[in-house]
Amino acid sequence: MEFAGKLAERALDFVCGGRFFDAEGLVVIAEFCGHGGFCLPHCDKFVQSVQPMLDIRQFRDDPESVRARLATRGPGHEPAVDAVLALDAGRRAAETSLQTLQAERNRLSREIGRLRASKQDSAGIEAEVKARAAEMHELSEKSAKLSDDQRSLLLNIPNLPQPEVPVGGDASANPVLRVWGEKPEIASPRDHVAIAEALGLIDPDRAAKISGSGFACYTGAGARLERALINFLLDLHTREHGYIEVSPPFLIRRECMVGTGQLPKFEDDMYGVDGLFLVPTAEVPVTNLHREEILDPARLPIKYAAYTPCFRREAGSAGRETRGLIRMHQFDKVELVKICLPENSAAELESLTADAERVLQVLGLHYRVIELCTGDLGFSSAKTYDIEVWAPGQNAYLEVSSCSNFEDYQARRMNLRFKGEKNRFCHTINGSGTALARLYVALLESGLQPDGSVVLPPALHPYFGAGSITR
RNA sequence: GGUGAGGUGGCUGAGUGGUCGAAAGCAGCGCUUUGCUAAAGCGCCGUAGUCCAAAAGGCUACCGAGGGUUCGAAUCCCUCCCUCACCGCCA
């Protein structure tokens, strides 16, 4: 209670970020309010632009199918489905009785207007209407609460996997779809950190000194290579694959994070600054560019390529892959985003994946493409392909791109539609094209020469300004 | 950071507390006229929820969001969010 008073004095923006620091430095996690985030019970943020992301009609019309498809993601979703349906029934009952009262009130109010206009007495009717005010108020609050609760539940239910997505429990059930190239012959493979440090490309110790673990600092030719990769990737996608380059803001509003599905569920993975969020991926700003718009279908598909750094707390993976460039709190990425018509999204996902694969083909890097099974699928995705590049020094494949079809899941959340007979939700697709740090790892470990230098693929020469990196 | 002005349908833009879901214009759709185009005339043209087995139709809500006043709010009051303009500071 004491906290509530203090909280109320602060800017809602900050409070809604989920953490509140009181005068003693205590961190208070505000109450989950059902508005799509952690906020104060009275907070009304987010309600305005948040749409239910799964169609409630689908729940009503075919609950068994919804249940069955969610069950393929893993256990634990049934209760939410049941709760949504129960709330839906209650909500509709409350709305119906409320509406009956409202209709009666409107009728009487009009009558009062008529009586007054003709200078007749209306006190009796006025008293009658007034007598029902409390009942109406109560019903209206009840129905609003049910409606908010339902929306909140829906926001936390993941997308339905496409029916043909292979069913499986975890990553071990992901089928390999294709393999490109072959593992390079490296006499004595070395870890990229050793290679990069020997060549003076990165400075992990000083990176840790200024930012802590999980950050990279590229230096000299290492920094130049990073910059070369950004330019190479953007040029490839904009010149050869028809994407429009976008350079978006790196700090974005909460509702955009809700729009693409990072929130409300994954707030712990995000960095926040002053009520805004640091982009966890360019997917967020770029897909949201057209939020709340009704697009001309003749303009679709819209294809964007964007470079941004990506900021992630990696909250759930403390201690994993802490060394090197493989898992960091900040990394660079070029992201591909498409907004398209529903009937084309399946084909657009295939071509976007092909565009991302092309990066590795042009660089001559061995890779494989896997399909994520239902249990490994991301929250918002209906179907996902992962592209994994071979890293000889790790003796492992590294995920450099995750290409997903979200169907209308994100579009619903951000109210992104196209004009038609009836305005319908667009489909959205995105995939990395590609993540830079892991690509960097693969390039160093695959191009390693016996003398410790690294030979770069010809495609990078004009961007890097040399064909190899030597001491 | 300071000050001011605003947020109304796909867009522009009116709106006196009661018949306003909201004038008008543009765009869109249909029809008529004309040899085609163009133009003109007429009509239609928001979203969501809910009732009905469904259609037809009815009802309810929505004028940035939330709350309040009132028998009745786009209109009055409060809070918040957002946008724009000017000033200051700054790359």
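Here is how names work: the chains are called A, B, and so on, in the same order as the sequence lines, proteins then strands, and each is numbered from 1. FYI, side chains are in, hydrogens and waters are out, and symmetry mates aren't considered; it's all heavy atoms of this structure.
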Report the base-pairing partner of [N] (Watson-Crick or G-U wobble, both distances below 3.5 angstrom), or none.
N       : result
rU16(B) : none
rC42(B) : rG30(B)
rC59(B) : rG49(B)
rG21(B) : none
rA54(B) : none
rG7(B)  : rC81(B)

Considering only atom [atom1], compute the distance from [N] to [M] and round it to an integer number of Å.
N       : M       : atom1 : answer
rG25(B) : rA85(B) : C1'   : 27 Å
rC11(B) : rU19(B) : P     : 26 Å
rG49(B) : rA55(B) : P     : 14 Å
rU70(B) : rA54(B) : P     : 40 Å
rA65(B) : rC81(B) : C1'   : 7 Å
rA48(B) : rG43(B) : C1'   : 26 Å
rA73(B) : rG1(B)  : P     : 37 Å
rC62(B) : rG7(B)  : C1'   : 15 Å

Using whole Å, report how far [atom1] of [X] lies from [atom2] of [N].
X       : N       : atom1 : atom2 : answer
L101(A) : rG72(B) : CG    : P     : 13 Å
E95(A)  : rU60(B) : CD    : P     : 14 Å
L108(A) : rC71(B) : CG    : P     : 13 Å
F425(A) : rU47(B) : CZ    : P     : 12 Å
K419(A) : rC29(B) : NZ    : P     : 11 Å
N423(A) : rG28(B) : CG    : C1'   : 12 Å
E126(A) : rG17(B) : CD    : C1'   : 14 Å
Q120(A) : rG18(B) : CD    : P     : 19 Å

Look at [X] and [N] and indicate whether a side-chain polar atom (N or O) is within less than 4.0 Å of OP1 or OP2.
X       : N       : value
R253(A) : rC81(B) : no
R91(A)  : rU50(B) : yes
N106(A) : rA61(B) : yes
R116(A) : rC71(B) : no
R417(A) : rG46(B) : no
R254(A) : rC82(B) : no

Inset, instruction - Could you say whether Q99(A) or A127(A) is positioned toward the 5' end of RNA chain B, judged by the nucleotide with the nearest heavy atom to each? - result: Q99(A)
Inset, instruction - For G113(A) and for T100(A), find the nucleotide of RNA chain B with the closest heavy atom, then tell me which residue's nucleotide is more 5'. - result: G113(A)
Pick base, sugar-phosphate or nothing for [X], based on heavy-atom distances below 4.0 Å to the nucleic acid.
X       : value
R424(A) : nothing
I112(A) : base
R132(A) : nothing

State which of [options] makes the closest approach to the side chain of [X].
X       : options                   : answer
R105(A) : rG18(B), rA61(B), rU60(B) : rA61(B)
H137(A) : rG49(B), rC59(B), rG68(B) : rG68(B)
R57(A)  : rC59(B), rG49(B), rC71(B) : rG49(B)

Between [X] and [Y], is there a side-chain N and carboxylate O pair less than 4.0 Å apart?
X       : Y       : result
E104(A) : R107(A) : yes
R412(A) : E407(A) : no
D149(A) : K145(A) : yes

Legend entry - Check against salt bridge (charged side-chain N to carboxylate O under 4.0 Å, His left out), E126(A) and R116(A): CA-CA 11 Å; E126(A) 282 179 38; R116(A) 286 202 182 178; 2.7 Å; yes
Legend entry - Under 3.5 Å: donor-acceptor pair, side chain of K303(A), backbone of H241(A): yes
Inset, instruction - Compute whether any side-chain donor of one residue and acceptor of the other, for E335(A) and Y304(A), lie under 3.5 angstrom apart. - result: no
Legend entry - Separation of L201(A) CG from R224(A) CZ (nearest 0.5 Å): 10.5 Å
Legend entry - Side chains of L300(A) and I302(A) in contact at under 4.5 Å (non-hydrogen atoms): yes
